[in-house]
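Let me begin by presenting the structure, written as structure tokens, before commenting on it.
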Amino acid sequence: MKPSGNILFSGVGGQGILLASEITAYALLNSGYDAKKSEVHGMAQRGGSVVAHLRYGPRVYSPLIEPGTADIQVAFEMMEAARYLPFLNQDSVVVVNTQRILPPAVATGKVAYPDNLMAEFENRGIKVIGIDAFDLAKQVGNLRTANVAMVGAMSCFVDLDTEVFLHVIETKVKEQFRDINKKAFLAGHEAAQAK
Amino acid sequence: MTFDGKDKLWLSGNEAIARGAWEAGVSVASGYPGTPSTEIMEYLSSYEGVYTEWAPNEKVGLEVAIGASFAGVRAFATMKHVGMNVAADPLFTAAYTGIRGGLVILTADDPEMHSSQNEQDNRNYAFAAKMPMIEPSDPSEAKEMLALAFELSEENDTPVLFRITTRVAHVKGVVDTAEARERQEASIEKMPAKFVMLPGNARVRRAEIEKRMAALKQKAETLVENRIEQGSAKRGFITAGVSYNYVKEAFPDASILKLGMVWPLPEKKIKEFAASVDELFVVEELDPFLENHIKAMGIACTGKELIPSQGELNSFIVKKSIEPQSIGKVYEPIDLPMRPPNMCAGCPHRGIFYGLSRMKDVFVSGDIGCYTLGFLPPLSAMDSCVCMGASVTVAHGMSKALGEKGKGKIVGILGDSTFMHSGITGLVNSVYNENYTTIIIVDNRTTAMTGHQPNPASGSTIKGEAAHSLNFEKLCTAIGVKHITVVNPHDIDATRKVLKDEVARDEVSVIISRAPCVLLPEEIRRQKPVYFTDLENCTGCQACIRLGCPAISWNPLTPEEALARGYKEKQKGHAMINEAQCVGCGQCAAVCKFEAITLKEEN
Ligand SMILES: Cc1ncc(C[n+]2csc(CCOP(=O)(O)OP(=O)(O)O)c2C)c(N)n1
């Protein structure tokens, strides 16, 4: 097992990033790691850029990932993947939900949504896995599980048992949503494995 | 292996502090919301046996805690850093009275201003108010050190300041739990010489402060929370709070003096530590607080010459500042459109700011809350914002400076919680010293910005129990405001008319713009109509786009595409409502002149 690592979650407020990072954190804790997670919240408004830093290892001090040291980035939106490029390095893996959510300046027609953002990673030799998490969630039958599908996709790149994640979903997710979230997780896992 | 959720918990700093307050046997806690402190009181309110409340402002909250302490029980006040400015009056004199039950005052500072209007360093309050200050580095320490803070308070007859920053409050980590300590029995004990701060008594108490701080300075020398981690003698670091973590990661082999109590400082220990290393660095966020005091001891050290005094630190910045040659290249950020937080779809604030955005020569003296987002394009309808309550008073000051020239041009706007926090006294002044401003209270029935805390007008307490709901109309009448109008901000035409009429007045007027926040649970549950864009009728005039609603987007068209859709060739595009996001407020339908936005049920 890797002794320590850094996982960066990014996306747009309201996409369920906090739950996704919580599930991942518990999976790490259950596997015997120390962990720290940092997130900035406090604005009730939806739609702002959101980021969470998750670090694990035998003993974690700093709650913040250093630029250039994220092992994995889980991005819930294309542009919010590219925004955190300085945190990545050549060996990073980016798991990105290919959905596009228009920020105000784009929605009001002031600027265009940047195209071909995937190339920003590929041109730098960074491994990038595009996942249509929205579609996966639709297939399992609940649009709100897109975030857990992303965790499933990400789980292919951390050295943890799939079982550990499923156990966390079993213990941390409300009963009525457990099964559907497990399905979403597995769908995401398979989709990433197929790439 | 399963992470044990019983004696070990995965908690945020704020959750850990709530737990710590409960374990420490706190009986009474009062606070006013403010990022990054808010969740402490929310979590604490779910524990049995602790009285918790939302106060209307931080001064009230601190005074409540002082009162509980005078009654002999442990008391806790929480606030964000700028809240301490509001509470500074009782704060400074509480140092004189000292305490009966342990009193801890928490300040949550926000380096980098993630959600604040300034990044003041409240360690300076410890020095200025002559109180000890404890500063933890992470959630686990936050819980442990809160117990220490209460002990120090009771042992030394002093309020104790407890400082956290965003990266402690909103960081999650593993925390050990303990049993709750028994709560003290409250009682009345009259101690006028200690509690009545008239000059004669205060002079006596003033001398007590000096004695107590001298004793605490001694205590600081042996406190285990002020610990030396002996490493290589080449470099030594003095650090505290979250910065300790960054030093640990940037220079794992170095010697560190970690201060858990940042005021008063252990001079002997610092001198010994300084003598034990070749080169001494002080690493701290924001002000050179430790550094200046260490330099004043006659100790040579390097601090803000290298370490930034603005914004947050992290291990990368610490390394780069001290050992720039060891830093590799990192990718440059890509230039991307910003994604600022936005007023929600259906936000009632939008209606009133839309009206103001159409009144170009009016100066809008703003305030702090979700409605500050009215500053952002496309509404761009806020011209100043200083601190909570300042909307009313800045408007008054402007009107006095402008005289006749400002008539019909000065508006103040503030939220319901902000009005009760510190807008009321300003309005009293506006009436008493007669001006012609219009004050708009955007009453969404909650403290939305910080996550929907109930307030004195919401009709419920922190625990969700029913409470009296303050009546703004009657209050404003009692203050002497003669023109009070209530308007539904979703009614765009009525709102614009009210704005026009009231702003034109020669006397103080108040507009209460009333509609609930769309994120309130009962609003989320409510069945709402949905609007949709009738594309045939859309002329691409962009009137709806100018509302800045996140549920409406602009779909650009080339001339060929426009023609193909049956539009005029020169039509640049059309608007689109995202029906999944629409909550049916109807503001866009009201501004559309071409019947291109219609209620879904009507079709
Ligand atoms: C002195 C001070 N205390 C607390 C805060 C944090 N804060 C910012 S806005 C706000 C309340 C906003 O509530 P309200 O006025 O009702 O407006 P809303 O967000 O609901 O639109 C709070 C508590 C602050 N900025 N300054």
Side-chain angles (χ1 to χ4, degrees), chain A residues 12-13 22 25-26 28-32 34-49 53-54 60-69 77 79-80 82-89 101-114 117 120 124 126 143 167 171, chain B residues 1-3 10 35-36 38 114-115 137-138 166-167 170-174 242 244-246 248-249 312 314-316 319 328-334 336-344 347 370 373 376-378 448-452 517 519 542 545-546 548 550 552-556 572-573:
Chain A
V12 179
E22 277 298 279
Y26 273 107
L28 291 161
L29 293 167
N30 283 349
S31 307
D34 182 29
K36 270 194 184 139
K37 185 175 84 157
S38 184
E39 57 205 32
V40 170
H41 46 83
M43 298 236 197
Q45 313 85 333
R46 306 245 164 105
S49 182
H53 296 225
L54 176 59
V60 178
Y61 288 97
S62 168
L64 295 176
I65 298 174
E66 281 188 17
T69 69
E77 199 272 348
M79 204 157 83
E80 298 312 309
R83 198 180 301 284
Y84 298 93
L85 183 70
F87 282 95
L88 306 179
N89 61 52
I101 299 176
L102 309 186
V106 177
T108 53
K110 295 273 179 290
V111 296
Y113 193 100
L117 287 170
E120 296 285 359
R124 291 173 174 84
I126 299 168
L143 289 181
H167 173 76
T171 48
Chain B
M1 188 178 145
T2 293
F3 174 71
W10 164 254
T35 315
T38 312
H114 293 288
S115 35
S137 310
D138 65 12
T166 302
R167 301 298 181 182
H170 290 167
V171 160
K172 286 194 124 184
V174 176
V242 73
Y244 163 77
N245 299 311
Y246 305 144
K248 272 308 258 193
E249 303 237 357
E312 287 186 313
N314 57 42
S315 47
F316 184 81
K319 216 183 304 177
K329 257 197 147 35
V330 293
Y331 297 127
E332 290 295 318
I334 309 174
L336 294 167
M338 298 289 283
R339 197 187 293 274
N342 191 0
M343 281 181 196
C344 303
C347 176
C370 281
L373 297 172
L376 293 174
M449 175 90 176
T450 41
H452 302 95
C517 171
L519 293 185
Q542 297 208 331
I545 297 286
R546 280 193 286 273
I552 308 177
S553 58
W554 176 248
N555 192 12
K572 294 267 184 321

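This is a predicted model, so every value here is computed, not measured.
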Mind checking what makes salt bridge (charged side-chain N to carboxylate O under 4.0 Å, His left out) contact with E66(A), not counting sequence neighbours?
K319(B)

Contact winner vs chain B - E77(A), H53(A), K110(A), heavy-atom pairs under 4.5 Å:
E77(A)

Under 4.5 Å between any side-chain heavy atoms of K36(A) and N245(B), yes or no?
yes

Which residue out of L54(A), I126(A), D34(A) racks up the most heavy-atom pairs below 4.5 Å with chain B?
I126(A)

Contact class of T38(B) relative to chain A, heavy atoms under 4.5 angstrom:
neither

Pick one of side chain, backbone, both or neither for V330(B), based on which atoms fall under 4.5 Å of a heavy atom in chain A.
side chain

Heavy-atom distance under 4.5 Å between the side chains of Y84(A) and S49(A), does that happen here?
yes

In terms of heavy-atom proximity below 4.5 Å to chain B, should L117(A) be classed as side chain, backbone, both, or neither?
side chain

Using side-chain heavy atoms (C-beta onward) and a distance below 4.5 Å, is M449(B) in contact with T35(B)?
no

Heavy-atom pairs under 4.5 Å with chain A - which of T166(B), V171(B), N555(B), D138(B) has more of them than the others?
V171(B)

Under a 4.5 Å cutoff for heavy-atom pairs, which residue among V174(B), L336(B), I545(B) has the most contacts with chain A?
L336(B)

Are K572(B) and Q542(B) side-chain neighbours, meaning at least one heavy-atom pair lies under 4.5 Å?
no

Options L376(B), I334(B), N314(B), ranked by heavy-atom pairs under 4.5 Å with chain A, top entry:
I334(B)

Using a 4.5 angstrom heavy-atom cutoff, name the option from G109(A), A35(A), P67(A), P104(A) with the most pairs to chain B.
P67(A)

Are any non-hydrogen side-chain atoms of Y331(B) and E120(A) less than 4.5 angstrom apart?
no

Answer with side chain, backbone, both or neither: which region of E332(B) has an atom nearer than 4.5 Å to a non-hydrogen atom of chain A?
backbone

4.5 Å side-chain heavy-atom contact, L64(A) and F316(B)
no

Does a side-chain heavy-atom distance below 4.5 Å link R339(B) with I101(A)?
yes

For P550(B), is it the side chain, the backbone, both, or neither that has a heavy atom closer than 4.5 Å to a heavy atom of chain A?
neither

What part of Y26(A) gets within 4.5 angstrom of chain B, counting heavy atoms only: side chain, backbone, both, or neither?
side chain

Heavy-atom check, side chain of E312(B) versus side chain of V242(B), under 4.5 Å
no

Of G573(B), G173(B), P337(B), G328(B), the largest count of non-hydrogen pairs under 4.5 angstrom with chain A goes to P337(B)

